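Here's the structure we're looking at; comments come further down.
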Amino acid sequence: MLRLLPPMLVLVLAWALWSGHGEPLIVAFGAFSCLAVFGISLRMDRVIGAEPLDYGLAVRSLVYLPWLLLEIVKANLAIAGLILQSKLPDSSHLIRAKAGQSTELGRVIYANSITLTPGTITLDLRGEDLLVHALTKAAAEGVQGGEMDRRVSRLEGQG
Amino acid sequence: MMILDALSWFLLVGGAVLCVIGGLGLLRLPDVYTRAHAAGINDTLGAWAILLGLMLQAGLGLVTIKLAMIGLFIALVGPVSSHALLKAAYAHDVRARASEEEDPHVD
Amino acid sequence: MFTAALIGILITMCLALARGALGPTVFDRILAVNAMGTQTVLLIAVAGFWSGRPEWLDLALVYALVNFVGTIAVLKYTRFGSLAEDHTRARP
């Protein structure tokens, strides 16, 4: 029961930040909507309460997210430069890659990070196998180089 | 104050320019897979730069938190919809003009 | 400066609209609609500041939510021809 508390707190906090109102009627509406969302989430599989929140993940993401942000900025500028070239290179690649993470959550984070970086999009994730579409050869090699894979594994807590 | 203003000006205009580049890519690139990469520019750096520029204008407060939450939402949702789109296109046999190693077909 | 950003966003929306009109596949059109939706979120946010009414941000967030759900719904419809189908059974 105790593990249900943090998600509820998140909902209440999100409502308070969005609303910014303090009148009793509005607060009652807010409490009702928090409870309704909480009830619906409880009925869904594995959204709330299936496993305890991993606070270590939040701490370790403080290292991972700035790196990811820098990668996204670099990839954005590269793709923008590519689009502005007068002759477009006809060289997109469809590659396979392995996700080395042990948990499903880690693999999903990895696949989403790949998609979030412009120039590479995950088409399919099945088990450990990723199917990635890359716009340029450099982007494809970036995925196959596996630095992001290692960093997500570290984020997941594998040493 | 002057520096913050200049920075926010730079971010707003830079974000708008990136968005136009993304739109140009949407129009110029050859097939749906490559076009999704161009749309990725709009969804990530273009949107974030504009939102960050607005945050600098708004200063600390509820408005900045709302802007940050919009940015976070775009960041969470952008990859999911482009993945769903391309997976559906792939399942519908829209062929990529790509060098495929084999035919790793998804159903 | 808000005007400059607004003009950039509007140009992008025109480009996305052109892609939506040109097609050629249905996925190009959905991609164009999705890009258009993201630009609309930004347009509402910037226009709110431009006219001095940052409360419009709430509308921007709602538009972002609707855009996402709409994209997924249309994709599901193009794939299964129905929104109510149980897709785990449709494709064994």
Side-chain angles (χ1 to χ4, degrees), chain A residues 13-14 16-21 65 68-97 108-126 129-137 139-140 144, chain B residues 14 17-46 48-49 61-63 65-66 68-69 74-76 78-91 95-107:
Chain A
L13 197 69
L17 285 178
W18 273 104
S19 138
H21 281 277
L65 288 181
L68 179 66
L69 200 64
L70 194 70
E71 286 297 303
I72 290 173
V73 171
K74 276 194 285 191
N76 259 301
L77 297 180
I79 301 299
L82 194 81
I83 289 172
L84 288 180
Q85 280 169 20
S86 57
K87 186 181 169 296
L88 293 170
D90 189 19
S91 69
S92 52
H93 299 259
L94 214 53
I95 56 170
R96 290 171 165 286
V108 169
I109 291 176
Y110 181 44
N112 259 330
S113 305
I114 289 178
T115 311
L116 199 53
T117 317
T120 48
I121 291 181
T122 312
L123 288 190
D124 198 21
L125 167 66
R126 183 166 297 177
D129 295 313
L130 291 166
L131 183 64
V132 178
H133 184 271
L135 185 55
T136 59
K137 200 160 168 44
Q144 282 166 335
Chain B
V17 168
L18 269 176
C19 281
V20 172
I21 292 175
L24 219 59
L26 211 58
L27 213 54
R28 282 192 70 198
L29 289 170
D31 61 12
V32 65
Y33 299 93
T34 46
R35 280 170 203 149
H37 294 294
I41 293 184
N42 289 354
D43 279 351
T44 56
L45 201 58
W48 293 343
L62 218 54
V63 173
I65 293 174
K66 286 182 184 180
M69 278 161 95
I74 289 179
L76 285 177
V80 177
S81 43
S82 55
H83 158 77
L85 182 88
L86 288 198
K87 191 173 179 180
Y90 197 74
R95 288 264 75 91
R97 287 217 260 151
S99 53
E100 286 188 50
E101 297 162 353
E102 56 208 273
D103 192 8
H105 199 78
V106 209
D107 62 338

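Throughout, a chain's letter reflects where its sequence line sits, starting with A, and its residues are numbered from 1. Quick caveat: nothing in here was measured; it's all calculated off a predicted structure. Hydrogens, waters and symmetry mates are skipped; everything else that's a heavy atom, side chains included, is used.
- Here the shortest heavy-atom pairing between A:Gly119 and A:Ile79 reads CA-CD1, 3.7 Å.
- No side-chain donor-acceptor contact under 3.5 Å links A:Asn112 to the backbone of A:Thr115.
- Interface remark: A:Ile72 contributes side-chain atoms only to the contact with chain B (heavy atom separation under 4.5 Å).
- Of the charged side-chain nitrogens involved, none lies within less than 4.0 Å of a carboxylate oxygen, so that A:Arg96 and A:Asp129 do not count as a salt-bridged pair.
- Looking at B:Leu29, the atoms closer than 4.5 Å to chain A (heavy atoms on both sides) sit in the backbone and in the side chain alike.
- Proximity to chain A (any heavy atom under 4.5 Å) is restricted, for B:Ile65, to the side chain, taken from C-beta onward.
- B:Tyr33 is listed as a side-chain neighbour of A:Leu123, based on a closest heavy-atom distance under 4.5 Å.
- B:Asp43 and B:Ser82 share no side-chain donor-acceptor pair at under 3.5 Å.
- Of the residues considered (A:Leu84, A:Leu77, A:Leu69), A:Leu84 shows the highest number of contacts with chain B, using heavy-atom pairs under 4.5 Å.
- The residue among B:Arg28, B:Met69, B:His83 with the most heavy atom pairs within less than 4.5 Å of chain A is B:Arg28.
- Heavy atoms of A:Thr120 lying under 4.5 Å from chain B belong exclusively to its backbone.
- Ranked by non-hydrogen atom pairs under 4.5 Å with chain A, the options B:Ala49, B:Gly25, B:Gly40, B:Gly22 are led by B:Gly25.
- Taking the six-membered ring where the residue is Trp, B:His37 and A:His133 present parallel rings, their angle staying beneath 30° rather than reaching 60°.
- The part of B:Leu62 that comes within reach of chain A is its side chain, from C-beta onward, which places non-hydrogen atoms under 4.5 angstrom from that chain.
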